2 protein chains.
Amino acid sequence: MFLGEYEYKIDDKGRVPVPPKFRRELREGLVLALGPETCIVAYGLAEWKKMAETLTTGSLAPSKLRRLGRATFATAYSLNLDGQGRVALPITLREYARIEDELVVVGANTCFEMWNKELWVAERAAALEQAWQIIEGLERR
Amino acid sequence: MFLGEYEYKIDDKGRVPVPPKFRRELREGLVLALGPETCIVAYGLAEWKKMAETLTTGSLAPSKLRRLGRATFATAYSLNLDGQGRVALPITLREYARIEDELVVVGANTCFEMWNKELWVAERAAALEQAWQIIEGLERR
DNA sequence: GTATTCATATTCACCGAGGAACATTTACTC
DNA sequence: GAGTAAATGTTCCTCGGTGAATATGAATAC
């Protein structure tokens, strides 16, 4: 269960600390993938395998399924934490998420995300805004 | 589990390095076959046997099955990694996939693919494009 | 039948990059 | 203020990619 926001710097070798509370769940390794927004998504190994399973057993046409698989698996990386609880971000993912030197690690329950700080601030505001609207909508019933 | 993209050169003997993280799963050997697109597909031996099993136990008419078998098995090659973790690409497969000197090795979860670099760049873009569309489709519900 | 050449396959050697460990400093807690 | 834990910085060394060299075998010529 990944919760909370954590701000970190990237060192010159491209390594990022993983929040200490997240580390236990990542003992077996983690998978970094392209996020649906401009961010990196990180899964614990077990969670990722579940994901992959559901994806490949979907009811898509084979050719579409192959392409979806390529988009998913070719852009993902299986990694491990180092002794200090850091993970090295592949350059391709960094560029995709526009992460330079500062980033925010964001819990998302079953996975967590890594954001460029400015982008995250905007996304966070938008997300909260939308959340309040949804709650209001529920209360109006 | 094969993930990620890796770029390599082919040496003058037609050998390609296999990504180190892939090698463990290929100890027993690997099978190279024609890809569904313009690429080479590589399976670990165990995975290939599973594939072949499902193919031959399908509910096709015997004559069609024979031809499918020919197409599949005649064009496939069972190979081993050399001491340095390289594999020698058969010329027929190289020509089929239009691989000259640069190529990209691409993880596809249960197997991996080898692409001509330019072709892969295009395919990658198309695959991502399609993936975003699928996700959008899901979100519109 | 022997020798030579070509082709293929296997092994060796170098250099650079990546990974793992070590070390330091900062922040927080008791 | 001391102790602990985490963030940050650095070094070292192994591993892997690339090019070259050596062996093995087949084919042809003499």
Side-chain angles (χ1 to χ4, degrees), chain A residues 2-32 40 42 45 75-95 99-107 112-117 120, chain B residues 1-32 40 42 77-95 99-107 112-117 120:
Chain A
F2 303 109
L3 299 175
E5 280 178 59
Y6 306 87
E7 222 175 302
Y8 294 110
K9 284 187 211 168
I10 289 200
D11 68 16
D12 46 10
K13 292 185 101 174
R15 296 172 299 183
V16 181
V18 169
K21 292 186 175 178
F22 292 7
R23 290 175 192 171
R24 176 175 294 276
E25 294 189 49
L26 305 173
R27 284 275 165 75
E28 312 295 324
L30 75 166
V31 174
L32 299 183
I40 300 171
L45 195 60
T75 57
Y77 290 86
S78 171
L79 302 166
N80 281 292
L81 300 185
D82 71 7
Q84 278 64 30
R86 292 173 293 195
V87 64
L89 301 186
I91 325 96
T92 55
L93 295 183
R94 266 180 82 174
E95 288 173 352
I99 293 172
E100 308 263 333
D101 45 350
E102 285 189 323
L103 88 166
V104 185
V105 177
V106 182
F112 61 95
E113 300 178 341
M114 297 177 178
W115 285 80
N116 168 305
K117 192 180 166 187
W120 169 245
Chain B
M1 203 175 55
F2 303 107
L3 299 176
E5 280 178 61
Y6 306 86
E7 222 175 302
Y8 295 110
K9 284 187 209 168
I10 290 200
D11 67 15
D12 46 9
K13 286 164 188 153
R15 297 171 300 183
V16 181
V18 170
K21 292 186 174 177
F22 292 7
R23 290 177 193 172
R24 177 175 293 276
E25 295 189 47
L26 304 173
R27 283 275 164 75
E28 312 296 324
L30 75 166
V31 174
L32 298 183
I40 300 172
Y77 293 84
S78 171
L79 300 166
N80 280 292
L81 301 185
D82 71 8
Q84 277 64 33
R86 293 172 294 194
V87 63
L89 300 186
I91 324 95
T92 55
L93 295 183
R94 264 180 83 174
E95 288 173 352
I99 293 172
E100 308 263 332
D101 45 351
E102 285 190 322
L103 88 166
V104 185
V105 178
V106 181
F112 60 96
E113 299 177 340
M114 296 177 178
W115 286 79
N116 168 305
K117 193 181 165 187
W120 168 246

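From a predicted model like this one, the values you see are computed outputs, not experimental measurements. Just so we're on the same page: letters track the sequence lines, and every chain starts at 1.
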In terms of heavy-atom contacts, does CD of Glu5(A) have more than 12 from other residues, nucleotides or ligands at under 6.0 Å? yes
Looking only at heavy atoms, which two atoms of Pro90(B) and Leu79(B) are closest? And how far apart? CD-CD1, 4.0 Å
Polar atom pairs between nucleotides 9-12 of chain C and protein, under 3.5 Å, N or O only, would you list them?
from    : atom 1 : to       : atom 2 : distance (Å)
dT10(C) : O4     : Arg15(B) : NH1    : 3.3
dT11(C) : O4     : Arg15(B) : NH1    : 3.4
dT11(C) : O4     : Arg86(B) : NH2    : 3.1

Specify the separation, in whole Å, of atom CG of Asp11(A) and atom P of dA23(C). 18 Å
Do Met114(A) and Ile10(A) have side chains that approach each other closer than 4.5 Å (heavy atoms only, starting at C-beta)? no
Between atom CG in Leu103(A) and atom C1' in dT8(D), what is the gap in whole Å? 14 Å
Atom-to-atom span, CG of Asn80(A) to P of dA20(C) - whole angstrom: 7 Å
What nitrogen or oxygen pairs link the protein and nucleotides 25-27 of chain C at under 3.5 Å?
none

In Å, rounded to the nearest 0.5 Å, how long is the span from NZ of Lys13(A) to CZ of Arg15(A)? 5.5 Å
Are any non-hydrogen side-chain atoms of Val18(A) and Val105(A) less than 4.5 angstrom apart? no
Give the rounded distance in Å between these two atoms: OH of Tyr6(A) and C1' of dA6(D). 13 Å
Can you measure Ile91(B) atom CD1 to dA7(C) atom C1' for me and round it to whole angstrom units? 12 Å
If we only count heavy atoms from C-beta on, is the Leu30(B) to Phe112(B) side-chain gap below 4.5 Å? yes
For the residue pair Trp115(A) and Trp120(A), does the interplanar ring angle fall in the parallel (under 30°), tilted (30 to 60°) or perpendicular (over 60°) class? tilted
Counting side-chain heavy atoms from C-beta on, which of dG17(D), dT8(D), dG19(D) comes nearest to Pro17(A)? dT8(D)
Members of residues 18-29 of chain A that approach DNA chain D, where some heavy atom sits under 4.0 Å away: Pro20(A), Arg23(A)
